[in-house]
Amino acid sequence: MHTIRVWDLPTRLFHWLLAACVIGLVVTGSAGGTWMNGHLRLGYAVLTLLLFRLVWGFIGGHWSRFGSFLHAPSSVGAYLRGRARPEHSVGHSPLGALSVFALLLILAAQVGTGLVSDDEIAFFGPLVRFVSGDTVALATAYHTKVGKFIVMALVLLHVAAILFYKLVKKQGLVRPMVVGDKQLALDAPSARDTALTRMLALVVLGLCAAAVAWLVRLGNAF
């Protein structure tokens, strides 16, 4: 058996922080009222994390890069027919990859529409003034009546997949996302996870946070 560092620390922190923020968004969005102040801040946090993941998908550890889990349709089909390749057990499997991309895209749509949403009571996104009233209405309707439930459904599907892998396929997906390593029969490349790469991730996160702060200030400056 080989000990492979699959998930670097920045990827693991991203995963758990995103999970916490999404749960917080669902709770605060459902509660409404003064909870919406926290909802807005959590939305900015999710946008920061998504920007970070976009960058980290190109410069992060081997198994965190999009290229490592961007599978061809034929590979997905073979996986579904039970003909998985050995490397599919290392990082994201073809189905897991589809789940990741779907969740990132849906979260991006949810945050994006939130930036131009208006509840017509007390809270509105910072970029409302830059788009038309029709756009605001469409974005608000999607954000509150469609996107929220899609996000919740994908999260539940994600949890169900984890339970399926644990109970049926006898593969634990949670522990590697906590400790970073997997015990595997095949020898696969380990992800870079050094002090230097962690410092790089911190710089990237800081730049993403600065970009989101600038975006928010831009909306509030008018």
Side-chain angles (χ1 to χ4, degrees), residues 1-23 45-46 48-105 107 154-209:
M1 298 295 287
H2 302 273
T3 300
I4 307 298
R5 174 53 53 95
V6 178
W7 307 122
D8 54 55
L9 182 61
T11 299
R12 284 178 276 149
L13 290 176
F14 160 82
H15 179 275
W16 296 115
L17 286 172
L18 185 66
C21 287
V22 169
I23 292 172
V46 168
T48 300
L49 289 171
L50 291 177
L51 289 176
F52 168 81
R53 189 63 182 93
L54 177 64
V55 177
W56 204 242
F58 293 98
I59 66 173
H62 176 81
W63 300 104
S64 298
R65 298 189 180 191
F66 297 134
S68 73
F69 58 95
L70 189 62
H71 301 284
S74 58
S75 181
V76 177
Y79 183 84
L80 291 174
R81 291 191 296 272
R83 296 204 297 268
R85 294 200 295 266
E87 61 268 24
H88 289 163
S89 64
V90 185
H92 290 302
S93 69
L95 278 185
L98 292 177
S99 174
V100 169
F101 286 125
L103 192 56
L104 292 177
L105 288 173
L107 286 175
L154 283 177
V155 169
L156 290 175
L157 182 62
H158 192 70
V159 173
I162 291 173
L163 292 174
F164 173 80
Y165 271 81
K166 179 66 175 179
L167 299 175
V168 178
K169 304 193 74 171
K170 307 302 180 183
Q171 296 179 25
L173 301 182
V174 175
R175 188 176 184 277
M177 192 55 77
V178 174
V179 302
D181 297 333
K182 278 187 178 183
Q183 297 292 325
L184 299 168
L186 74 160
D187 190 11
S190 287
R192 289 180 305 160
D193 193 16
T194 64
L196 185 60
T197 59
R198 293 174 181 182
M199 184 62 67
L200 174 63
L202 191 60
V203 171
V204 172
L205 180 64
L207 292 174
C208 292

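These numbers were taken from a predicted model, which means no experiment stands behind them.
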Peer 1: State the CG-CG distance between Leu103 and Leu157, to the nearest 0.5 angstrom.
Peer 2: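 Here the interatomic distance stands at 9.5 Å.
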Peer 1: Looking at every non-hydrogen atom in both residues, tell me the closest pair between Gly91 and Val6 and how far apart they are.
Peer 2: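 So the two residues come closest at CA-CG1, 4.1 Å.
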Peer 1: Side chain of Trp63, backbone of Pro189: donor and acceptor closer than 3.5 Å?
Peer 2: yes
Peer 1: Give, for atom CG of Asp8 and atom OG1 of Thr194, the distance between the pair rounded to the nearest 0.5 Å.
Peer 2: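 One gets 9.5 Å once the value is rounded to the nearest 0.5 Å.
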Peer 1: Assess whether side chain to side chain contact (heavy atoms under 4.5 Å, CB included) is satisfied between Phe14 and Trp56, documenting all intermediate values.
Peer 2: CA-CA 10 Å; Phe14 160 82; Trp56 204 242; over 6 Å; no
Peer 1: What's the separation between atom CG in Leu17 and atom CZ in Arg53, rounded to the nearest 0.5 Å?
Peer 2: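 Answer for the CG-CZ pair, Leu17 versus Arg53, is 13.5 Å.
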Peer 1: Please walk me through it: do Val76 and Leu80 pass side chain to side chain contact (heavy atoms under 4.5 Å, CB included)?
Peer 2: CA-CA 6 Å; Val76 177; Leu80 291 174; 4.2 Å; yes
Peer 1: Return the minimal non-hydrogen interatomic distance between Ala45 and Cys21, and the atom names on each side.
Peer 2: CB-SG, 4.0 Å
Peer 1: Do Leu107 and Leu18 have side-chain heavy atoms sitting under 4.5 Å apart?
Peer 2: yes
Peer 1: Side chains of Val168 and Leu163: closer than 4.5 Å at any heavy-atom pair?
Peer 2: no
Peer 1: Nearest 0.5 angstrom please: Leu54 CG to Leu49 CG, how far?
Peer 2: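 Output value for this atom pair is 12.5 Å.
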Peer 1: Using the ring pair (Phe, Tyr, Trp, His ring centres under 6.0 Å) rule, pick out the option among Tyr165, Trp7, Phe66, Phe101 that qualifies with His92.
Peer 2: Trp7
Peer 1: May I ask you to decide if Lys166's main-chain N or O and Lys169's side chain share a donor-acceptor pair within less than 3.5 Å?
Peer 2: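 Checking the backbone N and O of Lys166 against the side chain of Lys169, no donor-acceptor pair under 3.5 Å is found.
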Peer 1: Is it true that a side-chain atom of Arg12 and a backbone atom of Val178 form a donor plus acceptor pair closer than 3.5 Å?
Peer 2: yes
Peer 1: Would you indicate whether the side-chain heavy atoms of Thr197 and Ile59 approach each other to under 4.5 Å?
Peer 2: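 Of all side-chain heavy-atom pairs linking Thr197 with Ile59, none is under 4.5 Å.
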Peer 1: Please report the shortest heavy-atom distance between Arg5 and Ser190, naming the atom on each side.
Peer 2: N-OG, 3.2 Å
Peer 1: From Asp181 CG over to Asp193 CG, what is the distance, rounded to the nearest 0.5 angstrom?
Peer 2: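 If we round to the nearest 0.5 Å, Asp181:CG and Asp193:CG are 8.5 Å apart.
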Peer 1: Going through the distances and angles, do Ser93 and His71 end up as a side chain to side chain contact (heavy atoms under 4.5 Å, CB included)?
Peer 2: CA-CA 9 Å; Ser93 69; His71 301 284; over 6 Å; no
Peer 1: For residues Thr48 and Cys208, report the shortest heavy-atom separation together with the two atoms involved.
Peer 2: O-CB, 3.8 Å
Peer 1: Which pair of non-hydrogen atoms, one from Val90 and one from Ala188, has the smallest distance, and what is that distance?
Peer 2: CG2-CB, 4.1 Å
Peer 1: With heavy-atom distances below 4.5 Å as the criterion, would you say the side chains of Arg198 and Pro10 are in contact?
Peer 2: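 Yes, side chains in contact.
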Peer 1: For Phe69 versus Val100, what's the shortest heavy-atom pair and its separation?
Peer 2: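 Taking every non-hydrogen atom into account, CE1-CG1, 4.1 Å.
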Peer 1: In Å, rounded to the nearest 0.5 Å, how long is the span from OG of Ser99 to NE2 of His158?
Peer 2: 5.5 Å
